[in-house]
Amino acid sequence: MPEVDDTVEIYAPPLFEPGEKVQSRFTVKNDGTMWDAELGEVVVHKGDEGYVRDIGTYLQRYYIYAVEFVGRQRIVGMRGRELIGLDTTQEETR
């Protein structure tokens, strides 16, 4: 049986802030939400690095981080669990 994610992330502060450098934990394919990529096309590879540009929410439950992957010239919406923070200076101040 699939695990149900009933966590309401927005009750806690975001994991990342705008300007923070992050790395993708997974390869991500277009699920139909990206107009400039074919359905199923890989838009981010595991290990790609980028910067958080903005933070939004989805279903009033989850944070969605708009991450600019400069090397791919693409902005992709990612969940916090899909990212690893690379800015140690911001991590130390939390």
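Hydrogens, waters and symmetry mates play no part in the numbers below; they use all other heavy atoms, side chains included. Source: prediction; values computed, not measured.
For the atom pair CD (Glu20) and CG (Leu15), the distance works out to 9.0 Å, reported to the nearest 0.5 Å. Distance check: Glu9 CD to Arg81 CZ gives 7.5 Å after rounding to the nearest 0.5 Å. To the nearest 0.5 angstrom, Asn30 atom CG is 8.5 Å from Glu38 atom CD.
The hydrophobic clustering, which links ILVMFWY residues whose side-chain heavy atoms are closer than 4.5 Å, places Tyr11 and Tyr63 together. Put simply, Val42 and Phe26 are part of two different groups of oily side chains (I, L, V, M, F, W, Y) that touch within less than 4.5 Å, one to the next. When hydrophobic clusters are built by joining Ile, Leu, Val, Met, Phe, Trp and Tyr residues whose side-chain heavy atoms come closer than 4.5 Å, directly or via intermediates, Ile10 is grouped together with Val52.
The two residues Ala66 and Ile75 make their nearest non-hydrogen contact at CB-CG2, 4.1 Å. In this structure, Leu86 and Gln23 approach most closely via the heavy-atom pair CD1-CB, 3.8 Å. Summarising the geometry of Met78 relative to Ser24, their closest heavy-atom pair is CE-OG, 3.7 Å, with the distance given to 0.1 Å. Nearest heavy atom pair, residue Pro18 against residue Ile55, reads CD-CD1, 3.8 Å. The minimum heavy-atom distance linking Gly85 with Val22 is given by the pair CA-CG1, 4.3 Å. Listed here is the closest heavy atom pair of Phe16 and Gly80: CE1-O, 3.9 Å.
Between Tyr58 and Tyr62, the two ring planes are parallel [angle under 30°; tilted spans 30° to 60°].
Side-chain contact between Met34 and Arg74 is present, with heavy atoms from C-beta onward closer than 4.5 Å. Between Tyr51 and Lys21, some side-chain heavy-atom pair lies under the 4.5 Å cut-off. Here the side chains of Ile64 and Arg79 are in contact, with some heavy-atom distance below 4.5 Å.
Checked against salt bridge (charged side-chain N to carboxylate O under 4.0 Å, His left out), Arg72 has the following partners two or more places apart in sequence or in another chain: Asp48.
Counting heavy atoms of neighbouring residues, nucleotides and ligands inside a 6.0 Å radius, atom CD of Glu41 exceeds 12 of them. Annotation for Phe69: atom CZ counts as buried by contact number, over 12 foreign heavy atoms lying within 6.0 Å.
Distance alone, capped at 3.5 Å, places no donor-acceptor pair between the Tyr65 side chain and the Glu82 backbone.
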